[in-house]
Every structure is written in C-alpha cells, then in structure tokens.
Peer 1: 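Below is one structure. I have some questions about it.
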Amino acid sequence: MIAIRQEKVKDYEAVFKLTEEAFRDIEHSDHQEHFLVEKLRKSEAFIPELSLVAEDENGIVAGHILFTKLTINNGSEVFESLALAPVSVSPDFQNQGIGGQLIREGHLIAQKLGYQSVILIGHENYYPRFGYEKTSNFGISFPFEIPEENGMAIELVKDGLKNKKGMVKYPKEFGID
C-alpha cells in the first residue's frame, strides 16, 4: 500500500538518496537530478504542494515527483505552465506503478491549484499513457535540441495550451539559457 503526500523537510535526505539511486543507471541522464531537486526547492519556481512523495506502509519513501513553474514565451506573450522534473522511484520499488500514481496525483493537485498544463522531457513510450503529447503538436519548442518525441506536454484543463505557442523557459536552477 502506497500513500502519496506532500513532501516534508524530514523527507529531504531520503528523497536525495532515492533520486540519486533512481537515475544512477539511466543512460540519458546527467546524474545530477538529486542536486536539481535541492536547487529547485530553494527557487521561486518551487511549489510546495507539488513536491510529492510516495510512502509505503512502513513509512519508507519509495518515490518523489516535483512540478515547478516554467513559462512559454513567444516574444509578445508569456504563458505560465509547469515542468515535471524529475520523477524518481527507488530501485526497490520500481515497476509497481508508483511513478504513475505520483504523476496522476500531481496532475490533480496542479489542476486544483489552477495550473493548465505540464511540460516535460521524457521517454516517449512512458508518458503518453498519462495523456502527454509531443509539444510540437501545440507549437511549443525547447531552447535546446532534443528528439521531437521526447518533448511532451499535457493539458490539465480543456484547451489548456490552445494558442500558447512559443519557447519553453526553464527556471535558472535547471542551468538552461
């Protein structure tokens, strides 16, 4: 039995360790995700209600997800959205649907908080099952080169990305200009 709840300060050390472990053997990773989480917690982009942990019945933190603020800019308009990065599940708990639980719960909370969309860079065979589509379908691009199928977005509300074309601008903590 897994419970999803808002991350607390007492979870930080466990989240750091599990994020490092979750990405240790991932090919397309800079293996800095655990440091990124720490930086984002201290940033203006941080939304405490959207830093979630998955906890088992023994109180062990099995997973973590973080949604932070980002914008879509087209030169004349700026639209608010969210970045999903990272989602981490401890190797001991992988392939049990915990990542999916974190994503779905995060979407619900984000929607309740008034956010209309989420943008991510991720595996093209995983995220579409949660409703993610290529950002190119919405006229949204990234400030760096990635394979088109790995840049994805979801509308949390009907037409959440309608006419919101432009370039993704990440918080400075991501280290992307």
Peer 1: Does any part of the side chain of Asp11, heavy atoms only, come nearer than 4.5 Å to the side chain of Arg5, both counted from C-beta?
Peer 2: yes
Peer 1: Is it true that Val118 and Leu113 fall in one hydrophobic cluster, defined by side-chain heavy atoms closer than 4.5 Å?
Peer 2: yes
Peer 1: Kindly give the heavy-atom pair with the smallest separation between Ser90 and Glu21, and that separation in Å.
Peer 2: OG-OE1, 4.1 Å
Peer 1: Do Glu155 and Phe138 come close enough that some side-chain heavy atom pair is under 4.5 Å?
Peer 2: yes
Peer 1: When you compare the side chain of Tyr115 with that of Ile109, does any pair of heavy atoms fall below 4.5 Å?
Peer 2: no
Peer 1: Output the distance between atom CD1 (Ile140) and atom CD1 (Ile119), rounded to the nearest 0.5 Å.
Peer 2: 4.5 Å
Peer 1: Given side chains that start at C-beta, do those of Leu18 and Phe93 come closer than 4.5 Å, heavy atoms only?
Peer 2: no
Peer 1: OH/Tyr170 to CG/Leu70 distance, rounded to the nearest 0.5 angstrom?
Peer 2: 6.5 Å
Peer 1: Heavy-atom count check: over 12 atoms from other residues, nucleotides or ligands less than 6.0 Å from Asp159 CG?
Peer 2: yes
Peer 1: Should we count CD of Glu57 as having more than 12 external heavy atoms under 6.0 Å?
Peer 2: yes
Peer 1: Does atom NZ of Lys158 have more than 12 heavy-atom neighbours, drawn from other residues, nucleotides or ligands, at distances under 6.0 Å?
Peer 2: no
Peer 1: Taking all heavy atoms of Gly106 and all of Leu50, pick out the closest pair and write down the distance.
Peer 2: O-CD2, 3.6 Å
Peer 1: Test Ile121 against Phe144 for side chain to side chain contact (heavy atoms under 4.5 Å, CB included), laying out the working first.
Peer 2: CA-CA 11 Å; Ile121 298 168; Phe144 44 81; 3.4 Å; yes
Peer 1: Please tell me whether Val87 and Phe130 are part of a single hydrophobic cluster in this structure, the criterion being side-chain heavy atoms less than 4.5 Å apart.
Peer 2: yes
Peer 1: State plainly whether one hydrophobic cluster holds both Met152 and Leu84, where clusters connect Ile, Leu, Val, Met, Phe, Trp and Tyr through side-chain heavy atoms under 4.5 angstrom apart.
Peer 2: yes
Peer 1: Is any side-chain heavy atom of Leu82 less than 4.5 Å from a side-chain heavy atom of Ile47?
Peer 2: yes
Peer 1: Report yes if the side chains of Glu44 and Pro171 come closer than 4.5 Å at any heavy-atom pair, otherwise no.
Peer 2: no
Peer 1: Working to the nearest 0.5 Å, report the span between CD of Glu105 and CD1 of Ile65.
Peer 2: 10.0 Å
Peer 1: Please identify which of these residues, Leu102, Val37, Ile98, Val89, meets the side chain to side chain contact (heavy atoms under 4.5 Å, CB included) condition with His64.
Peer 2: Val37
Peer 1: Going from CD on Glu173 to CG on Leu40, what distance comes out if it is rounded to the nearest 0.5 angstrom?
Peer 2: 6.0 Å
Peer 1: Are Phe174 and Thr68 packed together at the side-chain level, in the sense that at least one heavy-atom pair is separated by less than 4.5 angstrom?
Peer 2: yes
Peer 1: Can a salt bridge be assigned to the pair Lys17 and Glu13 using a cut-off of 4.0 Å between side-chain N and carboxylate O?
Peer 2: yes
Peer 1: Which value, rounded to the nearest 0.5 Å, describes the distance between Glu20 atom CD and His34 atom NE2?
Peer 2: 4.0 Å
Peer 1: Could you check Leu161 against Phe79 for side chain to side chain contact (heavy atoms under 4.5 Å, CB included), going step by step and ending with a plain yes or no?
Peer 2: CA-CA 9 Å; Leu161 286 169; Phe79 307 103; over 6 Å; no
Peer 1: Main chain of Ile60, side chain of Asn58: is a donor-acceptor contact present, judged purely on distance under 3.5 Å?
Peer 2: no
Peer 1: Between Glu7 and Arg41, does any NZ, NE, NH1 or NH2 come within less than 4.0 Å of an OD or OE carboxylate oxygen?
Peer 2: yes
Peer 1: Write down the atom of Ile4, the atom of Ala54, and the distance for their closest heavy-atom approach.
Peer 2: CD1-CB, 3.7 Å
Peer 1: Ignoring hydrogens and geometry, is there a side-chain-to-backbone donor-acceptor pair from Gln111 to Leu156 under 3.5 Å?
Peer 2: yes
Peer 1: Restricting to side-chain contact (heavy atoms from CB on, under 4.5 Å), what partner residues turn up for Gln116, sequence neighbours left out?
Peer 2: Val157, Lys164
Peer 1: Rounded to the nearest 0.5 Å, how far apart are OG of Ser81 and CD1 of Ile72?
Peer 2: 4.5 Å
Peer 1: Are Thr135 and Ser141 side-chain neighbours, meaning at least one heavy-atom pair lies under 4.5 Å?
Peer 2: no
Peer 1: Between Gly151 and Phe142, which heavy-atom pair has the shortest distance, and what is it?
Peer 2: CA-CE1, 3.5 Å
Peer 1: Verify the cluster assignment for Leu120 and Leu52: are they in a single hydrophobic cluster under the rule of side-chain heavy atoms below 4.5 Å apart?
Peer 2: yes
Peer 1: Going by side chain to side chain donor-acceptor pair (under 3.5 Å), name the pairs with one or both residues in residues 124-134, residues two or more places apart or in two chains.
Peer 2: His107-Tyr132, Glu124-Asn150, Glu133-Asn137
